[in-house]
K.L.:
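Pasting in a structure now, in structure tokens, and then I'll have a few things to ask.
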Amino acid sequence: MILDDWKRLYSNTKTTFREVAIKGFWEMFDPEGYSLWFCNYKYDDENTVSFVTMNKVGEIPKFVMDECYDMELYEWRKVDPSDEVQKERVNQMFEDHEPFEGETLLDAKCFK
């Protein structure tokens, strides 16, 4: 998988996003070389102020690349790309599907 190819496809697809960009992602995805992860903050009751919550979410790419003390605050689960339910959840995250799991999206970020 060449991440720049995926990034260009994701950024440049304006219509038929699911049919082009998301389908392209799964065609390019190499599960032997890459992995996807779901993470849930263990202390969700603390997420009462939107900008504080977004600051926590904004830290995720930084601690994925570096050592980070915050990792233990999250519950991590590796995505199984052969599981259609998990795959659909990833698809909905890519396309900022709303409502997402019954909730309104307050904000969405794409870290490219």
Side-chain angles (χ1 to χ4, degrees):
M1 178 175 200
I2 299 171
L3 291 178
D4 278 344
D5 290 348
W6 158 242
K7 183 174 85 170
R8 272 190 294 282
L9 186 63
Y10 180 92
S11 296
N12 296 329
T13 303
K14 304 300 180 209
T15 60
T16 63
F17 188 80
R18 183 174 279 255
E19 293 80 11
V20 176
I22 292 176
K23 181 180 179 201
F25 172 81
W26 292 113
E27 289 171 354
M28 293 179 204
F29 183 69
D30 171 17
E32 298 300 318
Y34 294 92
S35 60
L36 300 171
W37 294 79
F38 296 128
C39 71
N40 290 315
Y41 189 64
K42 292 179 182 177
Y43 308 99
D44 203 34
D45 57 317
E46 295 177 0
N47 293 332
T48 57
V49 180
S50 294
F51 78 89
V52 175
T53 303
M54 289 309 300
N55 287 344
K56 291 175 188 175
V57 172
E59 292 293 312
I60 290 175
K62 188 165 55 174
F63 73 66
V64 168
M65 298 175 78
D66 300 327
E67 264 188 61
C68 184
Y69 66 93
D70 284 6
M71 290 199 61
E72 65 193 33
L73 301 177
Y74 295 84
E75 182 180 287
W76 295 88
R77 185 169 49 99
K78 189 174 181 180
V79 174
D80 177 0
S82 67
D83 180 326
E84 289 301 319
V85 172
Q86 291 182 40
K87 194 171 172 179
E88 178 57 23
R89 186 174 189 222
V90 170
N91 294 348
Q92 289 182 5
M93 289 177 172
F94 280 146
E95 64 185 348
D96 299 334
H97 186 273
E98 192 171 358
F100 180 73
E101 297 181 345
E103 299 289 332
T104 302
L105 291 178
L106 299 177
D107 198 358
K109 291 186 179 196
C110 176
F111 303 100
K112 302 185 260 181

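Atom set for the values below is all heavy atoms of this structure, side chains included, hydrogens, waters and symmetry mates excluded.
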K.L.:
Is the Tyr74 to Trp37 ring centre distance short of 6.0 Å?
P.N.:
no
K.L.:
Shortest non-hydrogen contact from Leu9 to Gly24?
P.N.:
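So the two residues come closest at CD2-CA, 3.8 Å.
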K.L.:
Is Asn91 close to Phe25 at the side-chain level, that is, under 4.5 Å between some pair of heavy atoms?
P.N.:
no
K.L.:
Give, for atom CG of Asp5 and atom CD1 of Ile2, the distance between the pair rounded to the nearest 0.5 Å.
P.N.:
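The distance works out to 4.5 Å.
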K.L.:
Within a radius of less than 6.0 Å around NZ of Lys23, do more than 12 heavy atoms belonging to other residues, nucleotides or ligands occur?
P.N.:
no
K.L.:
Could you tell me whether Leu3 atom CG has more than 12 heavy atoms of other residues or ligands within 6.0 Å of it?
P.N.:
yes
K.L.:
Looking at Phe38 and Gln86, what are the two nearest heavy atoms and their distance?
P.N.:
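For Phe38 and Gln86, the tightest heavy-atom pair comes out as CZ-O, 3.7 Å.
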K.L.:
Going from CH2 on Trp6 to OH on Tyr34, what distance comes out if it is rounded to the nearest 0.5 angstrom?
P.N.:
13.5 Å
K.L.:
At what distance, to the nearest 0.5 angstrom, does NZ of Lys7 lie from CG of Asn12?
P.N.:
10.5 Å
K.L.:
What residues form a side chain to side chain donor-acceptor pair (under 3.5 Å) with Arg77, not counting sequence neighbours?
P.N.:
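Testing Arg77 for side chain to side chain donor-acceptor pair (under 3.5 Å), a comparison that skips the adjacent residues, returns none.
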K.L.:
Only one of Arg89, Glu95, Glu88 passes side chain to side chain donor-acceptor pair (under 3.5 Å) with Gln92; say which it is.
P.N.:
Glu88
K.L.:
For atom CD of Glu19, is the number of surrounding heavy atoms from other residues, nucleotides or ligands below 6.0 Å larger than 12?
P.N.:
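Atom CD in Glu19 is crowded, with more than 12 foreign heavy atoms closer than 6.0 Å.
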K.L.:
What closest approach, in Å, do Trp26 and Pro81 show between heavy atoms, and which atom pair accounts for it?
P.N.:
CZ3-CB, 3.8 Å
